[in-house]
Amino acid sequence: NSRIYACGNSTYPNRIYYTDLNDGEDWTTHGGSMTIDGNDNDNLTGLANYSYFGSNIYNVILATKKKKLYTVDVSNTTPANWTFTCINTEIGCYSHFTIKNVGSAMTFWDGWRVQSLTGIALTPLSIPIHPDLIAIDPAYRGTHQTEVWNDKNHLYLTYVTLGATTHTVIYMYDFALNAWAKWTGMKAECLATLYDEDTDTYHVCTGGSDGKAYKLWSGTNDNGTAIT
């Protein structure tokens with residue numbers, strides 16, 4: 001609704017900040033903040049445009065904490081009239097980098113699993129790879145990232161294996177097949193889909209801990225082994 005929203009202030013971890021209407025630089029004069037359950041000992045971890053059964057509701061925000069999910073109705077032009085509703089009191093999101101709109105659902109990492117949110121119903125997608133995911137060092141539970149391929153049929157998840165300090169594994173989920181593939185030996189501290197206007201194609205790319213960018217689905221070998 002022509003505003004910018006943000007969270008993540010360590011002093012006020014349950015506040016959502018917003019700008020003035022049609023002014024993305026005014027956070028204080030006509031902008032402000034609202035608090036989401038400020039006494040629940042849980043902090044906001046992410047914000048996203050709420051997708052409800054495939055329709056983006058531009059006046060509703062999905063706000064996440066580590067153990068809760070909320071919808072925030074910001075449709076009223078007067079912020080004092082905005083309301084929030086807790087839609088889940090047990091499951092939240094650990095990394096805002098993982099909140100994605102995928103067709104009729106939204107996906108995110110809850111600290112142990114990849115969840116799919118359709119309306120207000122949650123479905124865990126990562127049960128087949130759950131043994132690997134629960135073995136992660138707790139210090140890295142909030143560092144995972146995901147990216148959705150342009151065809152909306154594939155989700156990529158970066159992962160730090162137990163004992164490691166960098167993201168060397170990517171799990172790819174195929175929505176059509178309901179199946180996961182594991183790629184090892186990767187350099188994937190971050191993920192992004194990039195558009196090449198010269199070839200009119202999209203590419204999933206990673207950023208490595210070595211400061212370099214890498215393009216997936218490129219080349220003729222698989223981690224040094226020729227693809228035949």
Yes or no on side chain to side chain contact (heavy atoms under 4.5 Å, CB included) for Arg3 and Val74, after CA distance, side-chain angles and deciding distance? CA-CA 10 Å; Arg3 297 181 193 265; Val74 295; over 6 Å; no
Worked verdict on Tyr159 versus Asp132 for side chain to side chain donor-acceptor pair (under 3.5 Å): CA-CA 9 Å; Tyr159 174 70; Asp132 278 0; 5.4 Å; no
Decide side chain to side chain contact (heavy atoms under 4.5 Å, CB included) for Asp37 and Asp42; before the verdict, give the C-alpha distance in whole Å, the side-chain angles of both, and the deciding distance to 0.1 Å. CA-CA 9 Å; Asp37 279 351; Asp42 199 359; over 6 Å; no
Could you check His144 against Ile136 for side chain to side chain contact (heavy atoms under 4.5 Å, CB included), going step by step and ending with a plain yes or no? CA-CA 11 Å; His144 288 353; Ile136 186 176; 3.0 Å; yes
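Under the 3.5 Å distance criterion, the side-chain polar atoms of Trp82 are matched with a main-chain donor or acceptor of Asn76. Side-chain N or O atoms of Ser2 include none that pairs as donor or acceptor with a backbone N or O of Asn22 at under 3.5 Å. Side-chain N or O atoms of Tyr173 include none that pairs as donor or acceptor with a backbone N or O of Asn153 at under 3.5 Å.
Note that CG of Asp110 and CG of Leu117 are 12.0 Å apart. Values are rounded to the nearest 0.5 Å. The line from CD of Gln145 to OG1 of Thr158 is 5.5 Å long, rounded to the nearest 0.5 Å. Taking CG from Asp196 and NZ from Lys215, the interatomic distance works out to 7.5 Å, rounded to the nearest 0.5 Å. Note: Asp20 CG to Trp27 CH2 = 11.5 Å, rounded to the nearest 0.5 Å. Residue Thr19 holds its OG1 atom at 7.5 Å from CG of Asp26, rounded to the nearest 0.5 Å. In this structure, the separation between NE2 on His167 and OG1 on Thr161 is 10.0 Å, given to the nearest 0.5 Å.
With Asp40 as reference, Lys65 is the one residue of Lys67, Lys65, Lys66 to meet the salt bridge (charged side-chain N to carboxylate O under 4.0 Å, His left out) rule. Considering Met106, Gln115, Arg113 in turn, Gln115 is the only one that fulfils the side-chain contact (heavy atoms from CB on, under 4.5 Å) rule with Leu122.
Cluster annotation: Leu44 is connected to Val72 through the hydrophobic network of ILVMFWY side chains, with a link wherever side-chain heavy atoms come within less than 4.5 Å.
At a cut-off of 3.5 Å, with distance as the only test, no side-chain donor of Ser116 or Thr123 sits close to an acceptor on the other residue.
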